[in-house]
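Following: one structure in structure tokens, then a few remarks.
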Amino acid sequence: MQYNHKEIEENWQKFWADNQTFKATNPAQSSDKGDADKPKYYVLDMFPYPSGAGLHVGHPLGYIASDIYARYKRHKGFNVLHPQGYDSFGLPAEQYAIQTGQHPAKTTEANITTYRKQLDKIGFSFDWSREVRTSDPAYYKWTQWIFIQLFNSWYNKDTDKAEDIATLISIFKKEGNATVNAVADAEIKPFSSEAWKAFSKTEQEAILLQYRLTYLSDTEVNWCPVLGTVLANDEIVNGVSERGGHPVVRKKMTQWSMRISAYAQRLLDGLEKIDWPQPLKDSQTNWIGRSQGAMVSFDVEGGTSKRSTDIKLSYKELEALKELRLNLSKAEGILWDELKNKKGAAKFRKKYTIGSFLVDYVCLSKNTIVEFSGKEDEAARTAFFAKEGFNVLRITNEEVTESVLKVVVKINNALQFPTVVKVEKPIANSKSATYKIDVFTTRPDTIFGVSFMTLAPEHPLVSKIVTGAQKKAVNAYIKATAKRSERERMADVKTISGVFTGAYALHPFTGKKVQIWIGDYVLANYGTGAVMAVPCGDQRDYDFAKYFDIAIPNIFEGIDISEAAHTGKEGTTIANSDFLSGLKYKKALKLAIFEMEKRGFGYGKINYRLRDAVFSRQRYWGEPFPVYYKDGMPQMIDEKHLPIVLPEVEKYLPTEAGEPPLGRATTWAWDSRGKKVVSNEKLKNKTVFPLELNTMPGWAGSSWYFNRYMDATNGGVFASKESLDYWKEVDLYIGGSEHATGHLLYARFWQKFLFDKGIVPVDEFAKKLINQGMILGTSAFVYRATAFVKNGCDIDKSNDDVLAKIPILFVSKNNFSSDAEFETVVKNYLLDKGFLNPNFADLVMITKTPLHADVSLVNSSDELDVEAFKKQPINQDYKKAIFLLKDGKYIVGREVEKMSKSKYNVVNPDDIVEEYGADALRLFEMFLGPLEQAKPWKTSGISGVYSFLKKFWKLYVDENGVAVSDEKATKEELKTLHKTIKKVAEDIENFSFNTSVATFMIAVNELTALKCNKKEVLAPLLVLLSPYAPHITEELWSKLGNKESISTADFPVFDAKHLVESAKKYPISFNGKMRFTIELPLDLSKDEIEAAVLADEKTIAQLAGVAPKKVIIVPGKIVNIVS
RNA sequence: GCUCAAGUGGCGGAAUUGGUAGACGCGCUGGAUUCAAAAUCCAGUUUUUUCGGAAGUGCGGGUUCGAUUCCCGCCUUGAGUACCA
């Protein structure tokens, strides 16, 4: 009986589908399988976008790996959830629709059918009963629902989580917005509770919009005119659109945004507790871009500014303070032990200066001071602290020594119910200055090196401060900058440009005048759009100063800055900086911030690069928003009425008026009374309102699909609580690294939000993530000879004739090794065959042009099927071409490139499955190399795993059918089996699938050599191999008489006793170089080994009479003789 | 520029608490079988060699009895990212 992969695979794929073998059971569902008692394991692949091209062999790589792991976990007794679905909204289907008029839903449906067929052929253990499609209204109903939840939430920095907007409204009603510590729009005006109540409904809504986690605002967006839509930052690569490479410009539009910036710190912190690849974590860290520094406010010269006259704390005083902090009294120490563990919003500091007072403890976020009573100036202190907005709690030494817990309770109460509340004050500054320039800096320690300031040309202050004389130049510069696209500005980093505004700022410490410039090296949308320039410490500032001849004061001790700025910070000592002089970076940084805070013109701040994510797209094929507009204010449609289904349109293009495609829909208005979508004609009615015309971006649906799989068919809720609590999170997530700053960041953001709202039980959705490497194609090249008449030669009629005679010629790779040789070979051939007149030989030059040849025409020895090549329709022109062979073969050149149609190197998995079977494909994809690594595909290699499968089959089956005996296995056979169990289990746990395929090959080679046919060995071996090659193992499993699928058979247990050895072939090395081996019993002592080795004649020969200096013996491992 | 990852036969790759470098497979060479081919089986395949050996994991150094593995410097390739103050 021969191994017939086709028959076997078809049968078992049908069996699995008919029996729903891989359907995962939820705990609530009644189950005859008893799966709910098993521990759960959730294995997920990043679901694919079903493109028209179908799958190539690179796509299933990750799916095969996750499938092996899922199957392994089933053998190990887990209840495994392994679902699959489609990210089916997207641009390609829409663009196809624009070109052909075909509805994207239709194209998508057809593509999904193709994908499903291809996937089914590979034998995945997906639970298809849980399939999701993001474009299915039953699915996007819940995407819309999540959007509404975001709209109805705000981010409370005090509790550090998202809260219902109702809590915010009740605060507004009670005390206005002064006490609210929220992540919100930058420009929010303060108002009292009375003012809030006096606002109209629309005004109130406009204010709330500034706090909501998804909000509508006029934002500068990346507009791509060719695609007719906005793009998110991560959809732009090198200044052009990721899809299609079209130019992108900045444009102001009213857009929905997601307040992801509220989660910047938590997204960063969360990375520590998830097992994701380091490079991916690095790129998320980079993208979030946390930088620690200070906000500093500079006054613009003009008013009658009064400088703060506060006495600054000298370095000595600071040191003394530090001393105080370390030497606490007994009571102080006891209390500090309790307070220091408080984190986050109630974090305490000890011995801190407030104004000119030193307080014992302070919780800055809660504006609460705790100090021991009995200080001389208590009355003055209380008054000052109250003025500054602090709540003071006084305690006594006795209280603490008696019961520190009581004191802590007292403090906690004070924190919860503060009597005085601080008014969030802007940087307090000398009020007389007309304008201030706020800057963010990561190097407040270098503030004495400031010699000028630079504003972004777009900075709103520019027009206000520019002086008469400079107005013309400044305006011209702004105009010139605006004309340049973002891309030009980015590409052109080297050119230094800028204009002096004529205005001066005052250095906050020294009061010295510094020039204010504008320059396009300062970006309007990062930080405050302005920088304090420290030319000696920043290369860009340095270049700018050099170019415009501005002073470059040196504030670094012993550093030469005549050539370049000094950007290092460790080990540098600050000089010429007043109270900072003589300090190292770290201390100077702290002290500078300390002084700024004390004097009120600056404060320590953490800045993030992460911007809020624009959530509107001017496209058709995406989720519609559950939003209508009343009085220009967005209104959410009640969740009862979801989904709001995508309307039909005639054309998928924007309207003539420039509205998104949904602007073409004729039935796209919301009847607020009838609670349904109605015809636009009814918009005249007072209760009918226009619906949102934008759709959601591609990442909306993919930001939560992993939760939906847990309870995919639930019509009542997003997923039931029991299901969410049971499956919790993805245990293993496999997919490409290209989603690092897109999908994987947004999904983490939504998960954290859903967690805050108590909807999901965990705040990170995937415990472990693996990025599979790309499979590259191995392109094949043929080399065409092209003849030219050399430059400088007279071109006359005869030259044309010379070239006309030369035929199209392809030269086999084994004919030449260099371009020169190529030319010689071709010329010799042409001369030989009379295609070239020897008189003109020197006039003609031959060059080599490599052309892609279809890889399917090349065999495993790189030999091209020339006849088939000529027959290909695309090679019409080469029908009569001459192929210059060698040894009767045409050998192609090879090069590794990305798989793509245009390179003719795409391999379709269907063809591989047809010829070698799904099991061979699965084994081969794993055998190619480590999962995470990029590696080239070469179809010829598959013969190795294919013949392995045939050999494997032969262990069980001979000409007459199954030939497995019940005899006891030999020691050798058991050793092979257990060696294999151990290695394979370790490999799967470590995701080292390539090495376990090698292990299987070794096992089969050994068992074949031993002529093993014992069931005792062969039955467990089937289970071991079944995750990798499920079809052949199912077939043999049933042939052995089993009635159930192999998929839940117990994984064989490793028993170390089968691997125990009595002797070891010791490698004997001399000075670390292995020379020969000696077999010795393993139970010898060190001395016995040494004696035996030194007595051996090979050792004596090697030593050649020289006495060994030292003998190193590691029993069971190695012997090393030093001579 | 910065950050990260990786450099091992003709090719994909294996080997890490530092202990026999090149497992396994492809390709190649020779042989068996066959009228022939495919398939299958057997042997060989890092380099060099005076057939005893010797050298060898990108390059240079270091630590060690012993380094593909650890440390320092450099080179190359790949990926990500960038006027981020």
Side-chain angles (χ1 to χ4, degrees), chain A residues 2 237-238 277-283 285-287 289-291 293 439-443 446 453-454 456 489-496 519-523 525-534 537-541 543-544 607-609 737-738 740-741 771 773-774 778 860-862 894 896 923-924 927-930 932-948 950-951 954 992 994-1002 1005 1064-1077 1101-1102 1108-1114 1116-1123:
Chain A
Q2 290 268 309
V237 177
N238 294 328
Q278 197 55 45
L280 194 148
K281 287 188 183 182
D282 289 345
S283 69
T285 305
N286 246 314
W287 191 261
R290 179 191 149 110
S291 49
V439 298
F440 176 74
T441 174
T442 54
R443 297 292 304 274
T446 62
M453 300 191 76
T454 315
R489 233 167 116 170
M490 265 162 61
D492 181 25
V493 179
K494 290 280 169 305
T495 318
I496 296 163
D520 69 359
Y521 80 99
V522 177
L523 304 178
N525 51 357
Y526 181 76
T528 60
V531 299
M532 60 175 223
V534 183
D538 182 288
Q539 195 55 45
R540 291 158 301 170
D541 296 343
D543 295 339
F544 196 87
N607 220 30
Y608 298 94
R609 198 183 73 117
S737 56
E738 66 274 18
T741 51
N771 289 132
M774 205 190 321
T778 311
S860 56
S861 310
D862 293 347
R894 290 289 203 173
V896 172
L923 281 168
F924 186 52
F927 191 52
L928 282 176
E932 296 93 331
Q933 197 175 300
K935 55 234 161 213
W937 174 277
K938 238 184 141 182
T939 304
S940 57
I942 203 168
S943 64
V945 291
Y946 189 55
S947 54
F948 157 76
K950 284 190 283 191
K951 263 197 221 169
K954 276 193 198 148
S992 175
N994 53 330
T995 51
S996 41
V997 177
T999 308
F1000 288 127
M1001 288 174 170
I1002 295 168
N1005 288 346
K1064 158 94 189 166
K1065 257 190 184 172
Y1066 275 95
I1068 311 300
S1069 24
F1070 292 80
N1071 300 320
K1073 282 255 165 246
M1074 205 286 286
R1075 293 307 175 207
F1076 51 85
T1077 57
Q1102 185 72 32
K1109 276 188 195 139
K1110 203 173 174 185
V1111 181
I1112 310 274
I1113 291 161
V1114 184
K1117 282 242 163 116
I1118 197 172
V1119 176
N1120 188 20
I1121 298 168
V1122 187
S1123 52

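Naming convention: chains lettered A, B, ... in sequence-line order (proteins, then strands); numbering from 1 in each chain.
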Which pairs, protein N/O on one side and nucleotides 27-34 of chain B N/O on the other, fall under 3.5 Å?
from: B/C28; atom 1: OP1; to: A/Ser861; atom 2: OG; distance (Å): 2.5

Any N/O pairs under 3.5 Å between the protein and nucleotides 13-19 of chain B? List them or say none.
from: B/G13; atom 1: OP1; to: A/Gln933; atom 2: NE2; distance (Å): 2.6
from: B/A14; atom 1: OP1; to: A/Asn994; atom 2: ND2; distance (Å): 3.0

Under 3.5 Å between N/O atoms: give me all the protein pairs with nucleotides 2-7 of chain B, atom names plus distance.
none

What protein N or O atoms touch nucleotides 49-55 of chain B N or O atoms at under 3.5 angstrom, if any, and at what distances?
from: B/A54; atom 1: OP2; to: A/Arg1075; atom 2: NH1; distance (Å): 3.3
from: B/A55; atom 1: OP2; to: A/Arg1075; atom 2: NH2; distance (Å): 3.4

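B/G80 is paired with B/C2 under the Watson-Crick or G-U wobble criterion, all donor-acceptor distances under 3.5 Å. With a cut-off of 3.5 Å on both pairing distances, B/U68 has no Watson-Crick or G-U wobble partner at all. Within the shown strands, B/U45 is the pairing partner of B/G27 under the Watson-Crick or G-U definition, both distances less than 3.5 Å.
Partners of A/Phe544 under the ring-ring contact (aromatic ring centres under 6.0 Å, His included) rule, at least two apart in sequence or in another chain, are A/Phe452, A/Trp517, A/Tyr521, A/Phe548. In this view, A/Phe1070 and A/Phe1076 satisfy the ring-ring contact (aromatic ring centres under 6.0 Å, His included) rule, not counting sequence neighbours. Residues passing the side chain to side chain contact (heavy atoms under 4.5 Å, CB included) test with A/Lys1065, sequence neighbours excluded: A/Thr1077, A/Glu1079. Remark: A/Asp541 engages no residue in a salt bridge (charged side-chain N to carboxylate O under 4.0 Å, His left out) (not counting sequence neighbours). A search for side-chain hydrogen bond (donor to acceptor under 3.5 Å, both in side chains) contacts involving A/Lys1117 returns nothing, not counting sequence neighbours. A search for side-chain hydrogen bond (donor to acceptor under 3.5 Å, both in side chains) contacts involving A/Ser996 returns A/Tyr1028, not counting sequence neighbours. When the side-chain hydrogen bond (donor to acceptor under 3.5 Å, both in side chains) test is applied to A/Asn1005, the partners found at least two apart in sequence or on another chain are A/Lys951. Looking at residues two or more places apart in sequence or on another chain, you find a side-chain hydrogen bond (donor to acceptor under 3.5 Å, both in side chains) between A/Thr995 and A/Asp987, A/Ser992.
To the nearest whole angstrom, the two P atoms, one in B/U40 and one in B/G25, are 13 Å apart. Atom P of B/U16 sits at a distance of 15 Å from the matching atom of B/A23, rounded to the whole Å. Rounded to whole Å, the P atom of B/A36 lies 48 Å from the corresponding atom of B/A55. B/G58 sits 27 Å from B/C65 when the C1' atoms are compared, rounded to a whole Å. Remark: the separation of the C1' atoms in B/A21 and B/C74 is 25 Å, to the nearest Å. Nucleotides B/U47 and B/G1 have their P atoms positioned 39 Å apart, rounded to a whole Å. Between B/G7 and B/A85, the distance separating the two C1' atoms is 37 Å to the nearest Å. B/U20 and B/A15 have their P atoms separated by 13 Å, given to the nearest Å.
Taking atom CZ on A/Phe1000 and atom P on B/G25, their separation rounds to 14 Å, with Å as the unit.
At the heavy-atom level, A/Lys281 lies nowhere under 4.0 Å from the strands shown. Residue contacts for A/Asp541: at a heavy-atom cut-off of 4.0 Å it reaches no nucleic acid atom on any strand shown. Within 4.0 Å of A/Lys950, counting heavy atoms only, lie sugar-phosphate atoms of the nucleic acid but no base atom. A/Ser947 comes within 4.0 angstrom of the backbone, heavy atoms only, and of no base.
Closest to the side chain of A/Trp287, out of B/A82, B/C24, B/A85, is B/A82.
Checking the phosphate oxygens (OP1, OP2) of B/C84, a side-chain nitrogen or oxygen of A/Arg540 falls inside 4.0 Å.
Nearest-nucleotide mapping onto RNA chain B: of A/Ser737 and A/Met532, the residue sitting toward the 5' end is A/Ser737. Between A/Lys938 and A/Ala998, the residue anchored nearer the 5' end of RNA chain B, judged by the nucleotide with its closest heavy atom, is A/Lys938.
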